[in-house]
Amino acid sequence: MAYCSKRMKITTWNVNSVRARAAHVERFLAVQQPDLLLLQEIKCEEPAFPAANFAALGYQSVVLGQKSYNGVAILSRLPFNVTARGLPGLDDAQARYLEIECESILVGNLYLPNGNSGGDAGYAYKLRWMKALRARAAALLEQDHDFMLAGDYNVCPTDADLAQGTLPPGDALVRPETRAEFRALLWLGLTDAVRALHPTEIIYSFWDYQVGCWPRDKGLRIDHALLSPRLAEKLIYALPDREVRNEEQPSDHCPVTIKLD
DNA sequence: ATGTCTGAAGCATTCAGA
């Protein structure tokens, strides 16, 4: 069993290519100085990851990459150990899960499958992935670890988490089976950090690049941080940083920051 | 109704995936 004792600032961010967004990430690190930055959709293999840029700002990198698609990485200014490369219990050809222990917290960085490509098999992969994530969460609870599972879930948990008309009813991000799997994660006893502190506000973390979505605020809330029970009691801040979406050539996601004390 | 962006293959432009 492990207990967190330190004040922590942790950000999750789907950057949609870390090479295209290296300067954006550097600016974010310099200004916001999170203890951990969880990156998704780095879209490269480890040798192409711009680790030196981030090391110059005091951040060590751990990378689980693949060519062209997916890929996750964690930047840390604190010492850490890698506890999982890939989701335990899932035979996954895609680079979507990376977990570390830092300051006695286990932090899982995840990029959950979108589920809209590949037909029935593609959607079945998404559900299989969600069940494996739930099994991982259940195992960590059984071990009495403090933990956070954060990243791009590709799930709008409720109708309050997307602008009207943004997605068709059958989209994999809002399908009833998708939402049921997300609720099953919460029913284990996990806390959706943003909704715990902001139960009724309209809050999005993603806006499609297509014309008008950002200026008209036609967004989705799909980037989430789920907290184990003791960590939830330490939660003092949880919000997206919308300003980043106004920068030149931004990612279609904005960073979501969690503070624990 | 359409609209955008990224990386790959391969060298102009199309495709997949999001």
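- The cationic atom of A/R221 (NZ for Lys, CZ for Arg) does not lie both less than 6.0 Å from the six-membered ring centre of A/Y204 and within 45° of the ring axis.
- Distance from the side chain of A/S17 is smallest to B/dG7 among B/dT4, B/dG7, B/dA9.
- Closest contact between the side chain of A/K43 and the listed nucleotides B/dA9, B/dG7, B/dG3 involves B/dG7.
- Comparing B/dG17, B/dA8, B/dT6 by their nearest atom to the side chain of A/R21 picks out B/dT6.
- Spacing between atom CG of A/L173 and atom P of B/dA18 amounts to 10 Å, rounded to whole angstrom units.
- Here the separation of B/dT6 from B/dC11, taken at their P atoms, is 23 Å to the nearest Å.
- Checking A/Q40 against A/T12 by side-chain atom types alone, a donor-acceptor pair falls below 3.5 Å.
- Rounded to a whole angstrom, the distance from the P atom of B/dA12 to that of B/dG17 is 26 Å.
- A salt bridge between A/K6 and A/D261 is absent, with no side-chain N of the basic residue lying under 4.0 Å from a carboxylate O of the acidic one.
- Residue A/Y209 has its side chain nearest to B/dT4 when only B/dT4, B/dA16, B/dG3 are considered.
- Atom pair A/N154:CG and B/dG17:P shows a separation of 14 Å (rounding to whole Å applied).
- The shortest distance between the side-chain N/O atoms of A/S117 and the OP1/OP2 oxygens of B/dA16 is not below 4.0 Å.
- Going from the P atom of B/dG7 to that of B/dT2 covers 27 Å, rounded to whole Å.
- Of the candidate nucleotides B/dA16, B/dG3, B/dA9, B/dA16 has the atom lying nearest to any side-chain atom of A/Y69.
- Comparing the same atom, P, in B/dA16 and in B/dG10 gives a spacing of 15 Å after rounding to whole Å.
- For A/N70 and B/dG7, the CG to P distance is 13 Å, given to the nearest whole Å.
- Using cut-offs of 30° and 60° for the angle between ring planes, the A/F182 and A/H224 rings count as tilted.
- Taking atom CD1 of A/I222 as the reference point, atom C1' of B/dG17 lies 14 Å away to the nearest angstrom.
- One interatomic measurement links the two molecules: CD of A/Q40 to C1' of B/dG17, which rounds to 17 Å at whole-angstrom precision.
- Between A/D152 atom CG and B/dG17 atom P the separation is 17 Å, expressed in whole Å.
- For A/R19, the listed nucleotide lying nearest its side chain is B/dG7; candidates were B/dT4, B/dA18, B/dG7.
- Geometric assessment of A/R85 against the ring of A/Y97 yields a negative cation-pi assignment under the 6.0 Å and 45° thresholds.
- Summarising the geometry, the separation between CD on A/E247 and P on B/dC5 is reported as 15 Å, rounded to the nearest angstrom.
- Taking the centre of each ring, A/F54 and A/F49 come in below the 6.0 Å mark.
- Atom pair A/I42:CD1 and B/dA18:P shows a separation of 16 Å (rounding to whole Å applied).
- Comparing A/Y111 and A/A20 against DNA chain B, the residue whose closest nucleotide sits nearer the 5' end is A/A20.
- No contact: A/F206 has no heavy atom under 4.0 Å from any strand.
- When heavy atoms are screened at a 4.0 angstrom cut-off, A/Q249 is found touching no nucleic acid atom at all.
- Considering only side-chain atoms of A/V211, the nucleotide from B/dG7, B/dT4, B/dA18 that sits closest is B/dT4.
- Comparing B/dG3 with B/dA8, their P atoms are spaced 24 Å from each other, to the whole Å.
- The residue among A/D252 and A/D208 whose nearest nucleotide of DNA chain B lies closer to the 5′ end is A/D208.
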